[in-house]
Amino acid sequence: MRVGLLTEGGYPYVSGEAGLWCGRLVRGLARHEFDLYALSRSERQEARGRVELPPQVGRVRTAPLWTVDDEALCAAGPRGGRGRRARRRFEEHFAELAEAVCRGDRDAVADRFGNALYGLAELARDEGGLVGALRSEFAVRALERACHAPGALRTAHSARVPDLLAAVGLMERALRPLSLDWYGPDALGAVDLCHATSGGPAALPGLLAKHFVGVPLLVTEYGVQLRAHYLAAGGTGLSVPTRALLASFHGLLAAEVYRAATIVTPGDTHARRWQERCGADRAKLRTVHPGMEAGRFAEIGEQGYDDFVTDPDTILWVGRVEPAKDLISLLHAFAEIRARVPGARLRIVGAAAGPEAQAYLAHCRALAAQLFPDEAPGAHAVGDNPVSFEEIGGPDVPGLAEAYAAAGVVVLSSVVEGFPVSLVEAMFCGRATVSTDVGAVVEVIGGTGLVVPPRNPRALAEACVALLRDPERCARLGAAARARALELFTVEQNIAAFRSIYLEIVSHCPVRRDAVDEAGDPVPFAHPAEAYVPGRWAVAVGDRLKGAAV
């Protein structure tokens with residue numbers, strides 16, 4: 001079949017785990033054809049270039065969400081010379097959308113939001129774009145009127161002009177796919193299935209393809225877009241009214257995406273609960289765990305515990321250094337561990353990206369130096385700190401596999417977590433783990449490791465000490481963890497799941513189009529064979545045959 005893969009900030013650009021997952025999916029489903037429709041988030045991302053694409057990728061279309069040409073914007077929307085009728089249509093639809101956003105009651109205004117969204121999409125198709133209109137003075141005034149209308153959000157009443165300008169600008173960015181020329185018969189109108197690799201703007205082209213030409217939509221979320229927006233809003237410097245308006249807008253957009261999607265595939269139960277609370281129908285949800293490469297950890301995982309653990313008293317933490325990882329609690333927990341297991345060591349392996357993360361790393365280093373003065377075996381030897389901060393690629397940690405091989409216990413101390421990648425890597429290596437009960441940790445561990453409450457250094461220390469003092473238990477838990485990871489979290493399992501889901505969608509929701517060549521003659525084999533697999537219609541056919549027999 002022909003699949004339109006919709007991405008935002010990932011594949012085919014060289015960036016992030018999401019891009020790696022898309023690449024594995026496309027290469028793993030080599031019998032299908034893929035057209036890529038990518039939204040880029042920054043100039044830096046585009047400058048880094050794209051990954052090498054496999055031959056089953058037939059077309060790549062890209063559009064930026066980070067910048068636009070202001071002169072082009074002025075000509076893109078129904079302004080000035082575009083005619084009164086177009087302006088009236090825009091004013092009617094945007095006013096309805098603004099009222100829905102300002103009300104904030106998702107269940108009460110979901111239909112109005114959807115009607116306004118599709119009305120704007122149809123206007124954008126007819127007029128050649130709407131970006132200029134979405135950033136116009138009328139849009140700001142319409143949002144201002146909606147903020148002061150009866151029944152509007154309480155926080156919206158206090159919105160001032162700078163708040164409204166910021167909200168309109170960010171809403172325009174999210175709605176920019178409305179103005180793209182991706183919905184004709186030579187683009188998304190020609191695919192058999194749209195697969196959005198996240199919610200939000202990435203799924204919006206899939207919504208419009210379904211609205212205009214009936215292409216079924218599959219939405220995959222390994223990190224719920226709405227949750228990520230909520231978490232990031234506090235650090236953007238936006239005012240409270242602006243954050244409230246944007247939260248309402250993104251909530252309504254997420255609800256419309258879930259309503260229109262044929263199937264939604266969360267990456268874990270934590271994401272699934274978020275989707276259900278945002279209006280997703282349980283009947284549409286299929287949990288598909290992220291697929292990870294197990295081969296690079298095979299050599300370590302297949303050996304016995306005693307054969308590859310070079311330092312059983314070493315506790316290892318791996319990840320991206322940031323406040324959400326709560327390394328402060330880990331350091332305080334290690335102080336108690338060190339008192340009970342004098343030979344214990346803590347290795348923190350990870351890098352800090354950004355000023356805030358780098359400041360947090362510096363604070364952690366200072367705390368480690370304060371809690372654990374350098375120790376020396378004798379009066380004439382150089383002291384050594386039992387806590388080390390390292391990065392992958394250094395002399396002592398050439399790769400992730402070597403880091404896990406040198407540890408007796410792997411620990412995760414986060415207070416906020418999505419899908420715990422480092423835990424799965426440790427499980428592939430057959431490591432015993434101690435984790436905080438956040439995100440999808442319990443679902444991933446499944447009884448093969450110890451789980452403690454977050455922000456509880458004493459509980460974290462007790463669990464680590466229990467494992468450090470019992471190597472046989474570590475070996476048993478590590479073997480069980482490796483077996484679980486190989487069963488649930490490999491690339492092969494992920495690809496097999498999506499192969500089945502593609503078949504299910506196209507067999508139940510085939511796109512009915514007349515496929516003809518340039519001469520107007522029918523094109524043989526233009527429709528995927530999956531579209532002819534018996535689905536729900538088979539029940540009705542069976543009933544008619546049974547009635548005829550009677």
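The two residues A86 and L123 come nearest to each other via the heavy atoms O-CD2, 3.9 Å. Heavy-atom minimum distance, L400 versus F297: CB-CE2, 4.1 Å. The minimum heavy-atom distance between S158 and P241, with the atom names listed, is OG-CG, 3.5 Å. Of all the heavy atoms in D192 and V506, the pair that sits closest is O-CG2, 4.2 Å. For the residue pair A167 and L245, the shortest heavy atom distance occurs at CB-CD1, 4.1 Å. For the residue pair P177 and P201, the shortest heavy atom distance occurs at CG-O, 3.8 Å.
In summary, the side chains of Y258 and E221 do present a donor paired with an acceptor at a separation below 3.5 Å, with no hydrogens or angles considered. With no hydrogens or angles considered, no side-chain donor-acceptor pair links R286 and T265 at under 3.5 Å. E256 and Y118 share a side-chain donor-acceptor pair at under 3.5 Å. Side-chain contact check for E417 and H270: no donor-acceptor pair (N or O, by modelled atom type) lies under 3.5 Å.
Salt-bridge annotation for E137 and R141: present, with a side-chain N of the basic residue lying under 4.0 Å from a carboxylate O of the acidic one. With salt bridges taken as basic N to acidic carboxylate O contacts below 4.0 Å, one links R89 and D126. Classification of R88 and E92 as a salt-bridged pair fails, no side-chain N sitting under 4.0 Å from a carboxylate O. Of the charged side-chain nitrogens involved, none lies within less than 4.0 Å of a carboxylate oxygen, so that R61 and D35 do not count as a salt-bridged pair. Using a cutoff of 4.0 Å between basic side-chain nitrogens and carboxylate oxygens, R176 and E172 are scored as salt-bridged. The residues R125 and D181 are annotated as not salt-bridged, no charged nitrogen and carboxylate oxygen being separated by less than 4.0 angstrom.
The distance from atom CG of L488 to atom CG of N494, rounded to the nearest 0.5 Å, is 12.0 Å. Interatomic distance, OG of S136 versus CZ of F90, reported as 4.5 Å (0.5 Å rounding). Note that the CG atom of L246 and the CG atom of L238 stand 6.5 Å from one another [nearest 0.5 Å].
Taking the six-membered ring where tryptophan is involved, the planes of H32 and F34 are perpendicular, since the angle between them exceeds 60° and thus also 30°. In this structure, Y502 and H195 have perpendicular ring planes: the angle between them is above 60°, well past the 30° mark.
Heavy-atom contacts from other residues, nucleotides or ligands closer than 6.0 Å to CD of Q56 number more than 12. More than 12 heavy atoms of other residues, nucleotides or ligands shown are found within 6.0 angstrom of CZ on R272.
Taking the six-membered ring for Trp and the full ring otherwise, the centers of F498 and W21 sit less than 6.0 Å from each other.
Taking 4.5 Å as the limit, some side-chain heavy atom of E276 sits within range of a side-chain heavy atom of L285. Residues L6 and T197 form no side-chain contact, since every pair of their non-hydrogen atoms from C-beta on lies 4.5 Å or further apart. Taking 4.5 Å as the limit, some side-chain heavy atom of M427 sits within range of a side-chain heavy atom of F489. Residues H289 and E443 form a side-chain contact, since some pair of their non-hydrogen atoms from C-beta on lies under 4.5 Å apart. Side-chain atoms of V257 and L207, non-hydrogen and from C-beta on, do get closer than 4.5 Å to each other. Side-chain contact between E293 and L20 is absent, with no heavy atoms from C-beta onward closer than 4.5 Å. Contact check for S40 versus T62: no side-chain heavy atoms found under the 4.5 Å cut-off. Considering only heavy atoms from C-beta on, V424 comes within 4.5 Å of V444 through its side chain.
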Going through the checks in order, is the side chain to side chain contact (heavy atoms under 4.5 Å, CB included) test met by Y222 and D268? CA-CA 7 Å; Y222 287 125; D268 50 65; over 6 Å; no

Walk me through it: do Y11 and V60 pass the test side chain to side chain contact (heavy atoms under 4.5 Å, CB included)? CA-CA 10 Å; Y11 197 72; V60 179; over 6 Å; no

Candidate pair V109 and E99, rule side chain to side chain contact (heavy atoms under 4.5 Å, CB included), full reasoning: CA-CA 9 Å; V109 300; E99 291 172 6; over 6 Å; no

Would H93 and E122 count as a side-chain hydrogen bond (donor to acceptor under 3.5 Å, both in side chains) here? Give the steps. CA-CA 10 Å; H93 295 313; E122 292 168 1; 5.9 Å; no

Walk me through it: do L218 and L193 pass the test side chain to side chain contact (heavy atoms under 4.5 Å, CB included)? CA-CA 7 Å; L218 167 65; L193 165 69; 4.1 Å; yes

